[in-house]
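Just so we're on the same page: letters track the sequence lines, and every chain starts at 1.
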Protein chains: 2
Amino acid sequence: MFSKATEYALRATIHIAKNSSENNKLGLAVIAAAIDSPQSFTAKILQLLTRNNKVISSVRGPNGGFYITKKARKLPVRAILEAMHEDKVLEKCVLGLAECSESQPCPMHSQYKQIKHQLINLFENKTIEYLAEEMTEGITFINNKSKKIKVKIEKPGAKKS
Amino acid sequence: MFSKATEYALRATIHIAKNSSENNKLGLAVIAAAIDSPQSFTAKILQLLTRNNKVISSVRGPNGGFYITKKARKLPVRAILEAMHEDKVLEKCVLGLAECSESQPCPMHSQYKQIKHQLINLFENKTIEYLAEEMTEGITFINNKSKKIKVKIEKPGAKKS
DNA sequence: ATAATTAAGGACAAAAATATCCTTAATTAT
DNA sequence: ATAATTAAGGATATTTTTGTCCTTAATTAT
Ligand code: SF4
Ligand code: SF4
């Protein structure tokens, strides 16, 4: 659905929203490790998100890093897609037609349009903050590592299954 | 959502389903023109759809071309995605996690899973035939040309319509 | 002031997706 | 049989996406 770049952008932003504040910034290395993404590529993406004071903010130097402002937390998730210039996928025709309209609908239109509207609503109505809270609830994940597998030697009995 | 290749595959298959039969095959040039796609690239895609008697069929030589069997018409639209090896996008995590599960959900899971299921249902329950019929209803489009601007001079009577 | 730290940004590399071209194989019409 | 037609398929080119590396700029700690 989204490009790798946008997936990383979503994960990074959510992680920053959950784990940072103006006086507790996160460095690139920490973020990339947390969301399981290639570091240098992630740097580019964080730059995009930061440009023009968009979704996240940054400061250089010791104790510098990335963080998100109170205000930015209230942005719809769609703002992340916009920063990545990938927000039009939400409106895009599944058949790839140049535009979607009631007057020139594709054969999937009548079936797909409702799904499309739900998608758009999701990305426009839910805020970055909301997703971070979903994480705080404790049981959602943002990387591919099973939990945090530092259990090592397992004693018989206490299995996570 | 889908790659260009898959978009062309969807459009091509729908067009073939609407306009062909075993004794009225469509040539590459006709198909590519009808769905507004690059001809040579479309050839590759039609090959993929044809391989192993998958979604569409073909014969070479004069009066040859592509067509779709009665049986293939009944296939779910998902079969097209499968032939293009792009069916997993339906199940894919919007955040790009390796897998989606209730036990390891991403922060968008609770909001997105319903949309996802509708998407999967759409592609699994609707058949290729159904989409072709949507077209036959008369008012859906499969290319970017406004209507069919080749009105030119029409002889009344025996055209292949 | 100097050195250390950290993001910004340019240049480049690798891989994947998109697209074209040409030759070959199958089929049909003559 | 021969020639014409049409898809199959290989090779190659172009563009986009993904990714790395290195230098520069900003900031802070000492
Ligand atoms: S709604 Fe139908 S027409 Fe409009 S874009 Fe989606 S699919 Fe194409
Ligand atoms: S449902 Fe939630 S977890 Fe499962 S994939 Fe979609 S987004 Fe990720």
Report task. Determine which nucleotide pairs with C/dG9, using a 3.5 Å limit on both distances of a Watson-Crick or G-U wobble pair. Result -> D/dC22
Report summary line: Across every strand shown, the nucleotide meeting Watson-Crick or G-U wobble geometry with D/dA29 (both distances under 3.5 Å) is C/dT2
Query raised in the report: Looking at the side chain of A/S40, which of D/dC21, C/dG10, C/dT18 is the nearest nucleotide?
Result: D/dC21
**Report entry** Nearest-Å distance for atom pair NZ/P, residues B/K4 and D/dT16
**Finding:** 10 Å
Report summary line: Here the distance between atom C1' of D/dT16 and atom CE of A/M84, to the nearest Å, is 14 Å
Query raised in the report: Which is true for A/L48 with a 4.0 Å heavy-atom rule: it touches a base, it touches only sugar-phosphate, or it touches nothing?
Result: nothing
Query raised in the report: Heavy atoms, side chains only, cut-off 4.5 Å: are B/V94 and B/M108 in contact?
Result: yes
Query raised in the report: Any side-chain heavy atom of A/P38 within less than 4.5 Å of one from A/Y8?
Result: yes
Report summary line: Result for 5'-nearest mapping on DNA chain D, choosing between A/G64 and A/A5, is A/A5
**Report entry** Nucleotide nearest B/R51 when distance is taken to its side chain, options C/dT6, D/dA7, D/dG9
**Finding:** D/dG9
Query raised in the report: What nucleotide among D/dT18, D/dA26, C/dT28 has an atom nearest to a side-chain atom of A/R60?
Result: D/dA26
Query raised in the report: Does B/S58 place a side-chain N or O at less than 4.0 Å from the phosphate oxygens OP1/OP2 of D/dA8?
Result: yes
Requested in this report: Indicate whether OP1 or OP2 belonging to C/dT27 is found under 4.0 Å from a side-chain N or O atom of B/N63.
Outcome: no
Report summary line: Separation of D/dT6 atom P from B/L26 atom CG, nearest Å, is 12 Å
Query raised in the report: If we only count heavy atoms from C-beta on, is the A/R11 to A/D36 side-chain gap below 4.5 Å?
Result: yes
Report summary line: Separation of D/dG19 atom P from A/Q47 atom CD, nearest Å, is 16 Å
Query raised in the report: A/F2 has an atom CZ; how far is it from atom C1' of D/dT18, in whole Å?
Result: 18 Å
Query raised in the report: Between B/Y8 and C/dT18, is there a side-chain N or O to OP1/OP2 distance below 4.0 Å?
Result: no
Query raised in the report: C/dT20, C/dT18, C/dA7: which one has an atom nearest the side-chain heavy atoms of A/F66?
Result: C/dA7
**Report entry** Nearest-Å distance for atom pair CG/P, residues A/L28 and D/dG19
**Finding:** 14 Å
Requested in this report: Figure out the NZ/C1' separation between A/K25 and C/dT5, and round it to whole Å.
Outcome: 13 Å
Query raised in the report: Taking the side chain as C-beta and beyond, is there a heavy-atom pair between B/L10 and B/M84 under 4.5 Å?
Result: no
Query raised in the report: Can you find a side-chain donor-acceptor pair between A/S110 and B/E134 that sits under 3.5 Å?
Result: yes
Query - Atom pair distance, as rounded to whole Å: CD1 in B/I45 and P in D/dG9 - result: 15 Å
Report summary line: Side-chain atoms of A/P62 come closest, of C/dA4, D/dA7, C/dG10, to C/dA4
